[in-house]
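Scope of the values below: all heavy atoms of this structure, side chains included, with no hydrogens, waters or symmetry mates.
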Amino acid sequence: MPKRLLVVESPGKVKKLSQILGTDWIVRASCGHIRELSNEGEDSLGFTMEGNSVRCNYIPRDERAKETIQQLKAAVKKVDEVVLATDPDREGETIAWHLKETLGLREPKRVVYTEITPSAVKSAIAHPRKLDSNLIGAGLCRDCLDKLVGYKGSPLVWALNNGAKSVGRVQSATLHLICQREREIQVFVPQDYWSVWVDYKEGFRAFYKGMNNTPTETAETETETHDDAASNNPEKPESKRVLSEAEADRLVAEAKQHPHKVIQVEGKLTYRQPPPPFTTSTLQQAAGSKLKFAPEKTMQVAQKLYESGLITYMRTDSVMLSPEFCESARKWLEEHDPQNVPQQTTKHRSSKTAQEAHEAIRPTDIFRPSVQLRAELPEDEFNLYVMIWKRAVASQCRPAQIRKTLIITQSGNISSNILWQARGQIVEFYGYAKYWPNLGKDAVLPIVQQGQILTLENAGHEQKQTQPPPRYSEPKLVQLMERKGIGRPSTYAPTVATLKKRNYIELRKDHLHPTTLGLEVDEFLQKALPDLLEAEFTANMEAELDKIAEGKNSWEYYLTTWNESYFVPALSQAKTVVINSGNTGNNHGKIERKYESSKTKCPECSNFLAKIPSSKVKKKYFLKCVSGCENIVLFWSDFHKRWEAPKTKTLESEKTAKPETKITSYPCPVCKKPLEEYSYIKDGQNKTMLRCSGEDSWKDKKHKDAAYFHTAKGWWSPKFGNLQIE
């Protein structure tokens, strides 16, 4: 009979852990959170604050959670010892506390592992610890904070009557970033400029650098950081911007008129360090840019890889790797790529706020053959696994060696020297880039000597235009959230998913656009709760939660103080904005609805129709005239591929008028009420059928097939056969 019970979060881990632990163990899953704050009490918060203390009322999340609790209680009765092995983070610690409270466990053992492998799991069970009250406090505080902001703040936007559903501590700050960028794009005024260049017969192109006698430029030093959210479209080189065509023409004319010579040649070997292994954020960024995964999908696929024992825990902000993995990576490189083995093990620095108790995301077994995994895993899981494997190996390789070259040439007379420059690079040793290719293409410059006279082949210019700042892709948004301290690894993906679900943002051509609704909510919150939108304000709250997790602050004291000193006065001020917004006699503070214009004109007044957001139509909006023309509404027709007015509704009298029927003496096979004879037209022919005369029979599923059709042999039903006439 099993003597011990191991409780984990995900059902996906049960099979693997049962295989590792054997028959002496029962392994059960809580299926994530089993409890949540109730909707009782003031404003349905489910907790009360008195002085500096907080009292929470937790209840089972749903019916499934109630069943899970009963099953776990039954399992507890069968064993001598219970071990809690929920996920190794703040949320996992909080879930373990909920299990302790719900199952009535006095001193449960808490074990933590970051990979589901026999050695890691057995080692964790051999070294249990007590529940960490600091981590639990931080988890409870986040729970209460999020509900406090959501439940007290959301009614403010309901008053807009535009379909806005919620306000959130992390959600609203993230939405503000997207709306801010959209407003920057809207007010952006493009400016023309010219890029001027010269081509030499020696085999290279140089770009206008400026007017000078003594160049001070040097070859670029390697300061570039690894950008996992970057697209693979490198910017083309261009000259110093020339702001008028006349000046560009003058420079070209000068270039063609005077001789050119080399005045500076420089070559420099730079080293590009390997990228760190993946954190939650960088995994989401790289999977978004390389595999086109949404953050939410990345985490779902990574969860499956973790549960299968293939990778370490996927929620982490640390780039630390265990000494054991570093040793196995070194061994793999010695066997397969000895030139790439560094003299010393490569170490990477985590951010200041990272929890160094966690490892980075890495494969659990670097020697596992990919041929075997390709046959076992679905395509998405295999592709993500390979990406994680390559990144982990790359992080342990030698740096890449890049030869950067710079040539500066000069043309013009004594009074007017024009400088031109060309940059090149050659990768001399790929190093880590053999596994993680993120270096630019080689640009080879010819060998020239200082003072060498060059032969001009051509000179010209290209007109260009300044571009507005780009909208964020999902990887770029996650990167920005991390840099600004908005949320934590576990919140990036659900935050983006919530904004989409609320119809505040939408993904178009791989970029996030705020909807009209999202812009309205953000504009309102700038007036009602401006602090909540500031990244620094939200980041400070996350820092306070980290202090609580480290035992430097009391969670109850922080929550009650924050509520009393900031949130209560802020809400009071916000409500005055709501009152002003709803006061039609006074436009002070009123939020006017601004709809995006379409390219379709109103058939009556010829003004462009407005796009009215709607989640009920396929295009997510319909067209309406907002210039005063009544009843001008158009919907998109997929059949005709055009905007059309809705079909004229049937007159109410026609709708309610019941067609002529004749009651028969035949009983309905379902309810025994008399059948009625009903005439109708189908395919241009008059037809007759018998159906139940009961008033609401058409609503009843049992009556669905209770119909007889007129045939040459009499009345017949597909379900009940021929009508038996008594």
Side chains of S38 and N57: donor-acceptor distance under 3.5 Å anywhere? yes
Do the side chains of I486 and L177 get nearer than 4.5 Å, heavy atoms only? yes
Quick check against the 3.5 Å criterion: does R471 have a side-chain atom that pairs as donor or acceptor with the backbone of E182? no
Report the C-alpha distance between I20 and K122 in whole Å, list the side-chain angles of each, state the deciding distance to 0.1 Å, and finish with yes or no for side chain to side chain contact (heavy atoms under 4.5 Å, CB included). CA-CA 8 Å; I20 291 171; K122 289 177 180 177; 4.2 Å; yes
Between L72 and T68, is there a side-chain heavy-atom distance shorter than 4.5 Å? yes
Is there a side chain to side chain contact (heavy atoms under 4.5 Å, CB included) between S172 and V167? Walk through the geometry before answering. CA-CA 6 Å; S172 297; V167 166; 3.6 Å; yes
Only one of T282, D228, D227 passes side chain to side chain donor-acceptor pair (under 3.5 Å) with Q479, and that residue is D227
Tell me if the CD atom of E42 is crowded by more than 12 foreign heavy atoms within 6.0 Å. no
Please determine whether the number of non-hydrogen atoms from other residues, nucleotides or ligands lying under 6.0 Å from atom CD of E564 exceeds 12. no
Taking all non-hydrogen atoms of both residues, which atom of A65 and which atom of D62 are closest, and how far apart? N-OD1, 2.8 Å
Would the distance check show the side chain of R169 and the main-chain N or O of L148 forming a donor-acceptor pair, the cut-off being under 3.5 Å? no
Taking the side chain as every heavy atom from C-beta outward, state whether L105 and L84 have any pair of such atoms under 4.5 Å apart. yes
Mark yes or no for whether T560, through its side chain, and Y557, through its backbone, hold a donor-acceptor pair below 3.5 Å. yes
Taking every heavy atom of V14 against every heavy atom of V27, the minimum-distance pair comes out as CG1-O, 3.6 Å
Test your reading of the model: is there a side-chain donor-acceptor pair from S308 to the backbone of K304, 3.5 Å cut-off? yes
Taking the side chain as every heavy atom from C-beta outward, state whether L45 and K152 have any atom pair closer than 4.5 Å. yes
Rounded distance [0.5 Å steps], NZ in K527 versus CG in L156: 14.5 Å
Is the NZ atom of K547 crowded by more than 12 outside heavy atoms at less than 6.0 Å? no
Taking the side chain as everything from C-beta on, heavy atoms only, tell me whether R272 gets closer than 4.5 Å to N438. yes
Interatomic distance, L477 atom CG to Q284 atom CD [nearest 0.5 angstrom]: 10.0 Å
Taking M314's backbone N and O only, do any of them form a donor-acceptor pair with T280's side chain (distance below 3.5 Å, no angle check)? yes
When you measure from the side chain of T279 to the backbone of D317, do you find a donor-acceptor pair of N or O atoms at a distance under 3.5 Å? no
Are the side chain of T364 and the backbone of L310 linked by a donor-acceptor contact shorter than 3.5 Å? yes
Using a strict 4.0 Å threshold on nitrogen-to-oxygen distance, state whether R488 and D546 make a salt bridge. yes
Answer yes or no: is there a donor N or O on one side and an acceptor on the other, between the side chain of T316 and the main chain of E359, under 3.5 Å? yes
Keeping the roles fixed (side chain from E556, backbone from V54), state whether a donor-acceptor pair exists under 3.5 Å. yes
Trace of the side chain to side chain contact (heavy atoms under 4.5 Å, CB included) decision for I95 with I34: CA-CA 8 Å; I95 291 172; I34 56 168; 5.8 Å; no
Between E474 and K297, is the closest basic N to carboxylate O distance under 4.0 Å? no
Heavy atoms only: give me the nearest L37-D143 pair and the separation to one decimal. CD1-O, 4.1 Å
Salt bridge or not between E93 and R129? Use side-chain N to carboxylate O under 4.0 Å. yes
My understanding is that only residues two or more places apart in sequence, or in another chain, count here; which of them pass side chain to side chain contact (heavy atoms under 4.5 Å, CB included) with A392? F325, R362, P363
Nearest heavy atoms of E482 and S281, plus distance in Å: OE1-OG, 2.9 Å
For residues R391 and P276, determine if any side-chain heavy atom of one lies less than 4.5 Å from a side-chain heavy atom of the other. yes
Assess the residue pair E101 and R35 against the criterion (side chain to side chain contact (heavy atoms under 4.5 Å, CB included)); give the C-alpha distance rounded to whole Å, side-chain angles, the decisive distance to 0.1 Å, and a yes or no. CA-CA 10 Å; E101 295 293 304; R35 297 201 303 178; 3.6 Å; yes
Can you confirm whether L291 sits close enough to D380 that some side-chain heavy atom of one is under 4.5 Å from a side-chain heavy atom of the other? no
Passes salt bridge (charged side-chain N to carboxylate O under 4.0 Å, His left out), K109 versus E81? Steps please. CA-CA 8 Å; K109 290 182 177 179; E81 186 178 60; 2.7 Å; yes
For the ring pair Y432 and W436, is the centre-to-centre distance below 6.0 Å? no
State the OH-CH2 distance between Y58 and W97, to the nearest 0.5 angstrom. 6.0 Å
Using atom types as modelled and distance alone, determine if a side-chain donor or acceptor of Y151 lies under 3.5 Å from a backbone N or O of N39. no
May I ask you to decide if the ring planes of W332 and Y435 are parallel, tilted or perpendicular, using 30° and 60° as cut-offs? perpendicular
Answer yes or no: is there a side-chain heavy-atom contact under 4.5 Å between L545 and R90? yes
Straight-line distance of L499 CG to Q171 CD, nearest 0.5 Å: 5.5 Å
Find the distance between CD1 (I366) and CZ (R330) and round it off to the nearest 0.5 Å. 12.5 Å
Is it true that N540 and E536 share a donor-acceptor pair across their side chains at a distance under 3.5 Å? no
Pairwise distance OG1(T86) to CG(L6) - rounded to 0.5 angstrom: 9.5 Å
For Q180 and E184, does a side-chain donor sit closer than 3.5 Å to a side-chain acceptor? no
So among E9, E91, R61, which one has a side chain to side chain donor-acceptor pair (under 3.5 Å) with H33? E91
Please report the shortest heavy-atom distance between D522 and C179, naming the atom on each side. OD2-CB, 3.4 Å
Specify the closest pair of heavy atoms between V319 and P277, including all atoms of both residues, with the distance to one decimal. O-CG, 3.4 Å
